[in-house]
Protein chains: 2
Amino acid sequence: MPDAEPDQMLEPDRLGADLSDAVVLFHEAIGSLMGLSAADHKALGILGREGPMSAGELAERTSLTAGAVTGLVDRLERAGLASRERDPADRRRLVVTAARAADPQVAEAFAGLGSAMAAVTARFTPDQLETIAEWVRLTSAAVRGQAAAIAARREA
Amino acid sequence: MPDAEPDQMLEPDRLGADLSDAVVLFHEAIGSLMGLSAADHKALGILGREGPMSAGELAERTSLTAGAVTGLVDRLERAGLASRERDPADRRRLVVTAARAADPQVAEAFAGLGSAMAAVTARFTPDQLETIAEWVRLTSAAVRGQAAAIAARREA
DNA sequence: CTAAATGATTCAGTAGACTAAAAGGTATCA
DNA sequence: TGATACCTTTTAGTCTACTGAATCATTTAG
């Protein structure tokens with residue numbers, strides 16, 4: 001739905017929308033390959049981005065209740081995508097850690113993406129790559145900022 | 001989970017992963033702003049990408065049964081995100097069309113992203129923008145290709 | 001004009017994930 | 001040590017979206 005008005009949008013914005021669609025498609029494909037619901041995939045993403053955390057923290061980050069998180073971690077663990085360990089310092093607490101994809105199909109999918117990206121990278125000079133990196137940094141920050149703004153507005 | 005091995009990955013790949021996360025976050029934020037489940041959001045994305053289609057085609061594209069699609073379109077229509085019309089040529093058929101976001105909050109969110117992106121674009125020369133556009137085109141194609149490869153393998 | 005086929009909807013039943021609340025260990029503090 | 005607080009799990013019940021089958025409306029074929 002990011003394709004606005006007629007066809008008069010700035011090229012870079014249209015390109016952004018196209019890339020965004022592609023990213024979402026890839027995530028969906030990976031999710032279905034892993035046999036994960038979107039909610040589980042999201043939780044796994046949080047674990048991957050922010051590192052191991054307790055079940056309580058995960059509950060807070062996902063806006064789920066404690067009971068729901070138990071079931072969530074059950075499913076991730078059964079799929080071999082996360083591990084559950086007791087915190088040695090405080091044995092009431094649980095440390096949930098995202099596991100590196102065990103499924104060879106998933107690993108292969110990421111490897112495929114990695115080499116495809118390497119081929120793309122090879123087509124640019126170091127100077128150009130620096131420019132691209134700068135754009136990606138700025139765009140990423142902008143998108144993240146907008147997502148945060150939406151979330152903040154939503155809470156009001 | 002795209003962060004591989006230690007920290008020795010090529011910078012552009014890490015940046016890609018970061019951007020990918022940001023995009024997913026934004027989509028999630030928009031989805032929750034619209035009050036849509038992930039499945040509904042996905043269906044809406046298909047409608048947006050591929051244009052209006054009959055309920056049966058939508059069922060095929062989403063891998064849902066006909067009955068489920070009726071409920072899906074009910075929800076989208078109630079939320080003002082899609083419209084239902086009978087096909088004038090064959091009045092048994094239904095044409096489902098994605099509507100431009102009616103909710104002012106959603107429109108505002110997209111507008112916010114648009115101006116943030118415009119600010120990013122303003123920081124580069126036309127030459128640089130051409131390089132960036134080329135990278136985005138190639139990356140988008142690569143990611144799309146990988147997603148298709150996964151989907152194809154999945155069907156085997 | 002009737003019979004068969006097609007597209008969408010309705011209905012009954014089911015499954016999965018969620019919440020709220022009670023329960024089970026574990027830690028902290030007096 | 002005993003009482004209390006904390007973190008996770010379990011349990012019971014609910015809700016939502018799904019499937020498969022029956023139904024209604026419309027079109028096509030004979």
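The sequence lines fix the lettering, A, B, ..., with proteins before strands; numbering per chain opens at 1.
Follow the hydrophobic side-chain contacts under 4.5 Å out from A/Ile150 and you reach B/Met34 in the same cluster.
Here B/Gly56 lies in heavy-atom contact (under 4.0 Å) with sugar-phosphate atoms only. A/Ser37 comes within 4.0 angstrom of no nucleic acid atom, judged by non-hydrogen atoms across all strands. Residue contacts for A/Ala68: at a heavy-atom cut-off of 4.0 Å it reaches a base atom on one of the strands shown.
Remark: B/Glu134 engages B/Arg137 in a side-chain hydrogen bond (donor to acceptor under 3.5 Å, both in side chains) (not counting sequence neighbours).
Annotation: proximity of residues 88-96 of chain A to DNA chain D (heavy atom, distance under 4.0 Å) is found for A/Arg92, A/Arg93, A/Leu94, numbered in ascending order.
Not one side-chain nitrogen or oxygen of B/Arg86 sits closer than 4.0 Å to the OP1 or OP2 atom of D/dT26.
For B/Arg84 (side chain) and B/Glu77 (main-chain N/O), no donor-acceptor pair under 3.5 Å exists by modelled atom type. Using a distance-only test at 3.5 Å, with no hydrogens or angles considered, a donor-acceptor pair links the side chain of A/Glu57 to the main chain of A/Ser54.
If you measure from atom CG of B/Leu36 to atom C1' of D/dA17, you get 14 Å, rounded to the nearest angstrom. Straight-line distance from the NE2 atom of B/His41 to the P atom of D/dA17: 16 Å, rounded to whole Å. In this entry the distance linking CG of A/Leu64 with P of D/dT8 reads 14 Å, nearest Å. In this structure, A/Leu58 atom CG and D/dC7 atom P are separated by 15 Å, rounded to whole Å. Taking atom CD of A/Glu57 as the reference point, atom C1' of D/dT8 lies 14 Å away to the nearest angstrom.
Around the CD atom of B/Glu60, the shell of radius 6.0 Å holds no more than 12 heavy atoms that belong to other residues, nucleotides or ligands. Around atom CZ of A/Arg123, no more than 12 heavy atoms belonging to other residues, nucleotides or ligands sit under 6.0 Å away.
To the nearest 0.5 Å, the span separating CG on A/Asp18 from CZ on B/Arg49 amounts to 10.0 Å.
Counting heavy atoms from C-beta outward, B/Met53 and B/Leu47 have side chains that approach closer than 4.5 Å. Two residues are said to be in side-chain contact when any heavy atoms from C-beta on lie closer than 4.5 Å; A/Ile30 and A/Leu36 fail this criterion.
In the 5' to 3' direction, nucleotides of DNA chain C lying under 4.0 Å from heavy atoms of chain A begin and end at C/dA17 to C/dA27.
Toward the 5' end of DNA chain C, the nearer of the two residues A/Ser63 and A/Asp87, judged by each one's closest nucleotide, is A/Ser63.
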